[in-house]
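What follows is a single structure, written as C-alpha cells, with notes after it.
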Amino acid sequence: MSLQLSVPFRLDVTLCCGQVFLWERRGDWWFGVVGGSVLRVRQCGDVLGFAGANEEFVRRYFGFDDDLNRIAREIGKDQYIKSALHEFWGLRIVRQEPWECFVSFICATYKSVAAIQRMLTQLSLKFGKPVEFEGEVFHAFPSAERLAAASLEELKSCGLGYRASYLQKTSQMVEANGFNVKAMRKMSYAEARDVLLEFPGVGPKVADCVLLFSLGKLEAFPVDVRVKRFLLRHYAPAFEPVFMEKLTQTGGLSDSGYERLNFFGRTYFGRYAGYAQEYLYHYERCFAGTANLKKKRS
DNA sequence: TACTGGCCTAGGTA
DNA sequence: ATACCTAGGCCAG
C-alpha cells in the first residue's frame, strides 16, 4: 500500500534522530515491530509505501497530525534553530508504544545509541514473542510481565549492567499496578512526569523522553549532555554568568541544573519545545562533533 | 537543599 | 594492539 504525503515528512531523519531505536534499514525499506506487528515502510519523494499496518496507523505513528509549519513558526525563535529546522525539515516526533519507549530510555542512561540498539535488540530476541511477517520471524518488544519474571542474570546478559535491577523493579511495579497510559495522556505534563518519576531508574531526563516520544507531551524538553552543550554554545546569554560557569566546569548535571535548562527550553520555545529539542539535538549530533567542554583533568 | 562519586558495559578513538 | 574515554543519567550518601 502507499499514501501520497500531504505534509512535510522525512522518514530516514525521523527514524535516525535518536528518538526510537528498534527500526532496521534494509535497502530502501525500514522494518520495525510496533505493538506486536511488523511494519515495513519506505519513502520515495512524496509517496510513502508501507505494509503491515493500515494508513490510519501509519499516520498516527509518524505524527502526521502535527502541523509542522505551525510548529516551525512557533519554535523558530532564532537563527540557530532555524538552521536546524531547515537542515532536517520533515523530522517528526514519533508516537511510540509507551512501554517500549519507557524501557528504552531506562536502558539508555550513560550509553551510546549503538549500544542502546544492541541492548534492546537482545531483550527482544530473548524475551519478546516471535512474530512472523512475510515468511520471516521478527520479535515483538517484551511485555512488562515477561521482563518482571526475568532474573537479573538474564537481564544483564543483554548488556544492561547496573540498569538490569532498575528494569526488573520497574517491570515488577508495572506488572503489579499497571502502566496507566490513558490516564497519563490526560494529565498535564507536570502530573504525568511525577507519575513516571516514581519508577526506579527514572529521573527527569528519562521521564521527559517518555513524555515526548510516546505520550504526546510536545512541551517536554529532555536535557542531556548534547542539549547542555548547545545551550552553552548558542544560548548562553539566557543564563546568569555564574550558572554558566558552573555548568561549564562540571561534567554532569545536578537536579537543579537540569530543571533550569529544562525550564528555559519550555519557556523559550513554548508548547512545542520538544520539537525544538529534537531538531537541535540531531543538529548537534550531526554537525557539532564531540568537542570537549568538560573540566580539563589535571 | 545541593553536590559528589560510583556504577555496568560497549563503542569509539588515540 | 591495548588502553582509555565517553556514552541521550540515576541514586545513595
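Keep in mind that this is a model prediction, so the values were computed, not measured. The sequence lines fix the lettering, A, B, ..., with proteins before strands; numbering per chain opens at 1.
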**Request:** Report the distance from atom CG of Leu152(A) to atom C1' of dC8(B), rounded to the nearest whole Å.
**Result:** 12 Å
**Fill in**
Contacts of Ser165(A) meeting side chain to side chain donor-acceptor pair (under 3.5 Å) (sequence neighbours excluded), chain-then-number -> none
Report all side-chain donor-acceptor pairs from residues 109-120 of chain A shorter than 3.5 Å, counting only partners two or more places apart or in another chain.
| residue | atom | partner | partner atom | Å |
| --- | --- | --- | --- | --- |
| Thr109(A) | OG1 | Tyr162(A) | OH | 3.4 |
| Ser112(A) | OG | Ala115(A) | N | 3.4 |

**Request:** Report which part of the nucleic acid Gly18(A) touches: base, sugar-phosphate, or nothing (heavy-atom distance under 4.0 Å, all strands).
**Result:** base
**Item:** Any Thr248(A) side-chain heavy atom under 4.5 Å of Leu232(A) side chain
**Value:** yes
**Request:** Can you run down the salt bridge (Lys or Arg N to Asp or Glu O under 4.0 Å) pairs that involve residues 245-262 of chain A, sequence neighbours left out, and say none if there aren't any?
**Result:** Arg193(A)-Glu259(A), Glu240(A)-Arg260(A)
**Item:** Position toward the 5' end of DNA chain C (nearest nucleotide), Phe213(A) or Val202(A)
**Value:** Phe213(A)
**Request:** Pick base, sugar-phosphate or nothing for Pro200(A), based on heavy-atom distances below 4.0 Å to the nucleic acid.
**Result:** sugar-phosphate
**Message:** For the residue pair Tyr272(A) / Asp66(A), report whether a side-chain donor-acceptor contact shorter than 3.5 Å exists.
**Reply:** no
**Distance (rounded to the nearest 0.5 Å) between Lys82(A) NZ and Lys77(A) NZ** = 10.5 Å
**Request:** Determine whether Leu91(A) and Leu85(A) make a side-chain contact, defined as any pair of heavy atoms from C-beta on separated by less than 4.5 Å.
**Result:** no
**Asked** What interatomic distance, in whole Å, is found between P of dG5(B) and the corresponding atom of dG8(C)?
**Response** 23 Å
**Nearest-angstrom distance from the residue atom CZ of Phe105(A) to C1' of dG9(C)** = 13 Å
**Item:** Nearest-Å distance for atom pair NZ/P, residues Lys228(A) and dA7(C)
**Value:** 11 Å
**Message:** Distance check needed: dG8(C) P versus Leu212(A) CG, whole Å only.
**Reply:** 17 Å
**Fill in**
Note: contacts of residues 88-96 of chain A with DNA chain C (heavy atom, under 4.0 Å) are none
**Asked** Which of parallel (below 30°), tilted (30 to 60°) and perpendicular (above 60°) describes Tyr80(A) and His234(A)?
**Response** parallel
**Asked** Looking for any heavy atom pair under 4.0 Å, which part of the strands does Glu259(A) touch: base, sugar-phosphate only, or nothing?
**Response** nothing
**Message:** What is the separation between atom CD on Glu284(A) and atom P on dT6(C), rounded to the nearest whole Å?
**Reply:** 15 Å
When the side chains of residues 134-144 of chain A are checked against the rest of the protein, which donor-acceptor pairs come out under 3.5 Å, sequence neighbours left out?
| residue | atom | partner | partner atom | Å |
| --- | --- | --- | --- | --- |
| Glu134(A) | OE1 | Arg40(A) | NE | 3.2 |
| Glu134(A) | OE2 | Arg40(A) | NE | 3.1 |
| Glu134(A) | OE2 | Arg40(A) | NH2 | 2.8 |
| Glu136(A) | OE1 | Arg26(A) | NH1 | 3.1 |
| Glu136(A) | OE2 | Arg26(A) | NH1 | 3.4 |
| Glu136(A) | OE2 | Arg26(A) | NH2 | 2.9 |
| His139(A) | ND1 | Gly128(A) | O | 3.4 |
| Ser143(A) | OG | Arg146(A) | N | 3.1 |

**Request:** Take Arg70(A) and Glu74(A), measure what salt bridge (Lys or Arg N to Asp or Glu O under 4.0 Å) needs, and give me the verdict at the end.
**Result:** CA-CA 6 Å; Arg70(A) 181 196 192 101; Glu74(A) 294 199 19; 3.3 Å; yes
**Complete:** With the side chain defined as heavy atoms from C-beta on, Arg226(A) is closest, among dG9(C), dG8(C), dA7(C), to dG8(C)
**Prompt:** Any side-chain heavy atom of Val174(A) within less than 4.5 Å of one from Phe199(A)?
**Reply:** yes
Side-chain donor-acceptor distances from residues 261-270 of chain A under 3.5 Å, at least two apart:
| residue | atom | partner | partner atom | Å |
| --- | --- | --- | --- | --- |
| Asn262(A) | OD1 | Arg266(A) | NE | 2.8 |
| Asn262(A) | OD1 | Arg266(A) | NH2 | 3.1 |
| Asn262(A) | ND2 | Asp208(A) | OD2 | 3.1 |
| Asn262(A) | ND2 | Phe221(A) | O | 2.9 |
| Thr267(A) | OG1 | Phe263(A) | O | 2.7 |
| Thr267(A) | OG1 | Phe264(A) | O | 3.2 |
| Tyr268(A) | OH | Asp78(A) | OD2 | 2.7 |

**Message:** Can you check the distance between dC11(C) and dA10(B), where both ends of the measurement are the P atom (answer in whole Å)?
**Reply:** 22 Å
**Request:** Working to the nearest 0.5 Å, report the span between CG of Leu147(A) and OG1 of Thr170(A).
**Result:** 10.5 Å
**Message:** Could you tell me how far apart His282(A) (NE2) and dG8(C) (C1') are, to the nearest whole angstrom?
**Reply:** 13 Å
**Complete:** Contacts of Val227(A) and Leu197(A) projected onto DNA chain C by closest heavy atom; the upstream (5') one is Val227(A)
**Request:** Name the nucleic acid region contacted by Val223(A), choosing base, sugar-phosphate or nothing; use a 4.0 angstrom heavy-atom cut-off, strictly under.
**Result:** nothing
**Heavy-atom pair of closest approach, residues Glu97(A) and Gly35(A)** = CG-N, 3.7 Å
**Test item: Cys17(A) and Phe88(A) side chains (from C-beta on) under 4.5 Å apart, heavy atoms** = no
Please list, for nucleotides 1-7 of chain B, all pairs of protein and nucleotide N/O atoms separated by less than 3.5 Å.
| residue | atom | partner | partner atom | Å |
| --- | --- | --- | --- | --- |
| dC3(B) | OP1 | Lys246(A) | NZ | 3.2 |

**Item:** DNA chain C-proximal residues of residues 111-124 of chain A, any heavy atom under 4.0 Å
**Value:** Lys111(A), Ser112(A), Val113(A)
**Fill in**
Stem ranges of DNA chain C by first residue number, counting only runs of at least 3 Watson-Crick or G-U pairs under 3.5 Å, come to B:3-7 with C:9-13, B:9-14 with C:2-7
**Request:** Only counting residues at least two apart or in another chain, list the ones meeting side-chain contact (heavy atoms from CB on, under 4.5 Å) with Lys205(A).
**Result:** Phe105(A), Cys209(A), Pro222(A), Asp224(A), Tyr258(A)
**Request:** Determine the contact category for Tyr281(A): base if any of its heavy atoms lies under 4.0 Å from a base atom, sugar-phosphate if only primed atoms, P, OP1 or OP2 are that close, otherwise nothing.
**Result:** base
**Fill in**
Whole-Å distance, Leu167(A) CG to dG9(C) P, equals 17 Å
**Prompt:** Gly27(A) and Arg25(A): which non-hydrogen atoms are nearest, and at how many Å?
**Reply:** O-NE, 3.2 Å
**Message:** Give me the distance, rounded to whole Å, that separates dA12(C) from dT1(B) when you measure between the C1' atoms they each carry.
**Reply:** 15 Å
**Fill in**
Apart from Tyr61(A) itself, its cluster of hydrophobic side chains linked below 4.5 Å comprises Met1(A), Leu3(A), Leu5(A), Val7(A), Phe9(A), Leu11(A), Leu15(A), Val20(A), Trp23(A), Trp30(A), Val34(A), Leu39(A), Val41(A), Leu48(A), Phe50(A), Phe57(A), Val58(A), Phe62(A), Phe64(A), Val94(A)
**Request:** Would you classify Cys107(A) as touching base, sugar-phosphate or nothing, given that sugar-phosphate means primed atoms plus P, OP1 and OP2, and contacts are heavy atoms under 4.0 Å?
**Result:** nothing
**Asked** In whole Å, what is the span from the CG atom of Leu231(A) to the C1' atom of dG8(C)?
**Response** 14 Å
Could you list the protein-to-nucleotides 1-4 of chain C atom pairs, N/O on both sides, closer than 3.5 Å?
none

